[in-house]
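Note that ligands are numbered from 1 as they come in the structure, with each ligand's atoms numbered from 1 the same way. Keep in mind it's a predicted model, so treat the numbers as computed, not measured.
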Amino acid sequence: MVDAEPLDAVVIGAGFAGLYMMYRLREDGFSVHGFERGDGVGGTWYWNRYPGARCDSEIMYYSFSFLPDLEQEWPLTERYPGQPEILRYLEEVADRLDLRKDFTLGAEVTALEFDEASGRWTLRTAQGHEATARYVVTAVGCLSAANQPAFPGAESFGGVTLHTGNWPRDPVDLAGKRVAVIGTGASGIQSIPVIAEQAAHVTVFQRTAQFTIPAENGPLDEQFVALWKQNYPEWRRRARHSAAGFPYHPSVTSAFEVSEAERRATFEAAWGAGGFTFLSGTFRDLVLDEAANDTAAEFVRKKIDEIVRDPQVAEMLKPRDFPIGTKRLPLDTNYYVTFNRPNVTLVDLKRTPVEEITATGIRTSAGHHDLDVIVYATGFDALTGPLEALGIRGRGGRSLRDAWREGPRTYLGVAVPGFPNLFTITGPGSPSVLSNMPVSIEQHVEWIGEFLSWARERPAGVIEATEQAAADWTDHVQQVAGHTLHPQAASWYMGANIPGKPRIFLPYLGGVGAYRDRCSAVAANGYEGFVLSGEESGLPGERSGDHVTRPGDHRAA
Ligand SMILES: Cc1cc2nc3c(=O)[nH]c(=O)nc-3n(C[C@H](O)[C@H](O)[C@H](O)COP(=O)(O)OP(=O)(O)OC[C@H]3O[C@@H](n4cnc5c(N)ncnc54)[C@H](O)[C@@H]3O)c2cc1C
């Protein structure tokens, strides 16, 4: 085994989730160490530095609620903060809480093995670090495993290849370049208008036309900010008990309770205001009822006709094969209008698929596009991808990948039977990507922290979700999704963007508030659905000593 002393816990990842989990466990007296693949903290906002990268949650509530001083001091500049600003925020959090010393950076976890005799996990990184710990908390994010499609000949391309989810730290100069953007999901939609302003020419390779709603980004009014800051506790409380972690009430009106003219005026007002209220704030049944959904979808298609001058291009941009809101709804700044620019070409990959990538560009069935840069805006192997990449082996040496061959089975999205003492922040089966994530992350971190403190007081070295609890929860997650239009879309929520991935609805649609209540009830009932076993109790909460072996320092027995 490993030479260093065992830890109480390891945390993997240093984004919103990992930073807060580290702080909670450290403050609660656990010995804990973190491992992060990146050379800096920030997670999503460390990696996604592409032109136009910004948040779709408004700045007022895309932040932690447990830092009241920072909440008051942090400037709320524009409605949707850009990547550099969010990264600065998370770096500030890490510095204020003195968290950097608790993480090993540049350390990619590739193996996590559970030892049934000791009830402990052994962690290994690609860089040669090793550690053993009673508990593992994964804070690896839902959108951190970049999806790189395998086009024939991709490695032969002689120009620059980039992925939005793994953008270089040094700025990339696209001036005068012929750039391809492959993919029109949220990252493509944010980056295409900005790249088009910089590059000589942009060719957009679209597989699926997308609905997108204007962000209407802009500076925030000082008085509005002052008022918001005065009422922060109340906004936070509302977000915690809401459907999606936003502090606003969703609409309670059906799209068919109003006249056609009123409906159009409602959509028009929401379109003008910008943001997600187009879906949640207009009518309550848009993702529940096909006819209601059609009214919103048709409104957006008409907007595309109004905005895009070339009718053929407008037609190609109109989504027709999934209900609006059943794929992640992007917010944009100037997306559709960008296709009026003379330096932008749209290629419909359904009509003219990619045949190969060559040394000088991309060949589709309609011809060759000469290129200097290829940008993959092809998203992520969402939710399960980052977890399966950890090389997790639980009881009997069974891999998580194998256990999830038919799709992930979790209890509350935080625990997996057969993988004791392992907790997954925003894992599959939790509200995660269907919510304003800092709200969900805080709830998970606090719940896991309280659970571990509770277990420390008891003679229980091993905590494990039961098969039955996980089966019931997984069924419930699918049933809730089945009451909506979501399963109709070939979305990444369904795993449909990754060849061979099981088609199962990954996040929990039951709402952030209801989910929180359920987790609280589980805790109040003595953590029902979990079995606690093993003689060894109470972790000593050691806080000193060398708990991690570093590269060149292993003396594995
Ligand atoms: C472009 C973009 C825009 C987004 N906009 C919004 C938004 O508007 N609102 C919203 O709520 N959410 C948004 N999200 C989701 C966003 O991921 C979350 O809001 C939040 O940042 C997640 O924090 P996290 O700590 O859970 O995960 P992450 O920020 O993804 O951090 C996970 C960390 O784990 C590390 N890691 C992963 N695997 C390993 C490994 N094997 N070994 C070591 N380290 C590992 C990663 O390097 C990463 O740093 C967006 C995501 C993207 C990609």
Side-chain angles (χ1 to χ4, degrees), residues 10-22 34-50 52-59 61-64 79-83 86-87 89-90 93 103-112 123-127 129 136-147 163-167 185-191 215 217 239 244-246 275-276 328-331 377 379-383 385-392 424-427 430-442 444-445 492 507 512:
V10 288
V11 172
I12 307 168
F16 268 96
L19 291 175
Y20 187 29
M21 191 77 247
M22 173 60 70
F35 295 87
E36 162 58 54
R37 185 180 56 191
D39 288 328
V41 301
T44 290
W45 307 102
Y46 172 88
W47 296 107
N48 289 262
R49 298 167 190 249
Y50 58 84
R54 72 178 58 249
C55 207
D56 287 342
S57 295
E58 289 169 298
I59 190 169
Y61 43 84
Y62 192 72
S63 54
F64 285 123
R79 185 174 176 188
Y80 302 99
Q83 171 272 330
I86 309 172
L87 182 58
Y89 171 80
L90 289 167
V93 170
F103 281 93
T104 301
L105 299 174
E108 180 174 12
V109 177
T110 48
L112 272 174
L123 169 152
R124 292 187 176 82
T125 71
Q127 292 72 21
H129 311 89
V136 172
V137 186
T138 68
V140 290
C142 299
L143 304 174
S144 63
N147 169 36
H163 193 292
T164 50
N166 188 8
W167 199 264
S187 303
I189 282 173
Q190 285 188 338
S191 61
N217 193 22
F246 300 104
F276 291 128
R328 161 72 154 78
L329 186 67
L331 302 184
F380 303 91
D381 182 353
L383 284 102
L387 291 169
E388 292 185 358
L390 291 170
I392 299 175
T424 53
I425 301 177
T426 63
S430 79
S432 59
V433 287
L434 292 171
S435 66
N436 176 41
M437 289 198 67
V439 175
S440 291
I441 286 169
E442 284 192 340
H444 273 194
V445 166
W492 56 258
V512 162

Q | Gap between atom CG of Leu143 and atom CG of Asn48 - 0.5 Å precision | A |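 Spacing of CG (Asn48) from CG (Leu143) equals 8.5 Å.
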Ligand 1 to [X] polar contact by distance, N or O atoms, under 3.5 Å:
X	value
Ala17	yes
Ser57	yes
Glu36	yes

Q) Are Asp56 and Tyr62 close enough that some pair of their side-chain heavy atoms sits under 4.5 Å apart? A) no
Q) Side chain, backbone, both or neither: which part of Asn48 comes within less than 4.0 Å of ligand 1 when only heavy atoms are counted? A) side chain
Which residue from [options] reaches closest to [atom] through any of its heavy atoms?
atom	options	answer
atom 30 (O) of ligand 1	Asp39, Leu390, Thr44, Ile59	Thr44
atom 1 (C) of ligand 1	Tyr46, Tyr61, Tyr20, Tyr50	Tyr50
atom 6 (C) of ligand 1	Arg328, Arg37, Met21	Arg328
atom 5 (N) of ligand 1	Phe246, Phe16, Trp45	Trp45

Q: Compute the minimum heavy-atom distance from Ala139 to ligand 1 and say whether it is under 4.0 Å.
A: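 Per 4.0 Å heavy-atom rule, Ala139 contacts ligand 1.
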(Q) If we only consider heavy atoms of Tyr62, is any one of them less than 4.0 Å away from an atom in ligand 1? (A) yes
Q) Do the side chain of Arg54 and the main chain of Tyr80 share a donor and acceptor less than 3.5 angstrom apart? A) yes
Q) Distance-only, no hydrogens or angles: does the Asn436 side chain make a donor-acceptor pair with backbone N or O of Tyr61 under 3.5 Å? A)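 Yes; judged by distance alone, with no hydrogens or angles, the pair exists.
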If you count the atoms of ligand 1 from 1 in the order shown, which ones are under 4.0 Å from a heavy atom of [X]?
X	value
Ala107	42 (N), 43 (C)
Ile12	42 (N), 43 (C), 44 (N)
Phe380	53 (C)
Asn436	11 (O)
Asp56	7 (C), 8 (O)
Gly13	33 (C), 34 (O), 35 (C)
Ser435	11 (O)

Q) What class does the angle between the rings of Tyr20 and Phe64 fall in, given that below 30° is parallel, 30 to 60° is tilted and above 60° is perpendicular? A) tilted
Q) Knowing that exactly one of Pro431, Ser432, Ser430 qualifies, which makes a side chain to side chain contact (heavy atoms under 4.5 Å, CB included) with Pro507? A) Ser432
Q.
Looking only at side-chain N and O atoms, does Thr138 offer a donor or acceptor that is under 3.5 Å from a partner on Thr424?
A. no
Q: Would you tell me whether Tyr50 and Gln190 have side-chain atoms, one donor and one acceptor, within less than 3.5 Å of each other?
A: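 Gln190 and Tyr50 do have a side-chain donor-acceptor pair below 3.5 Å.
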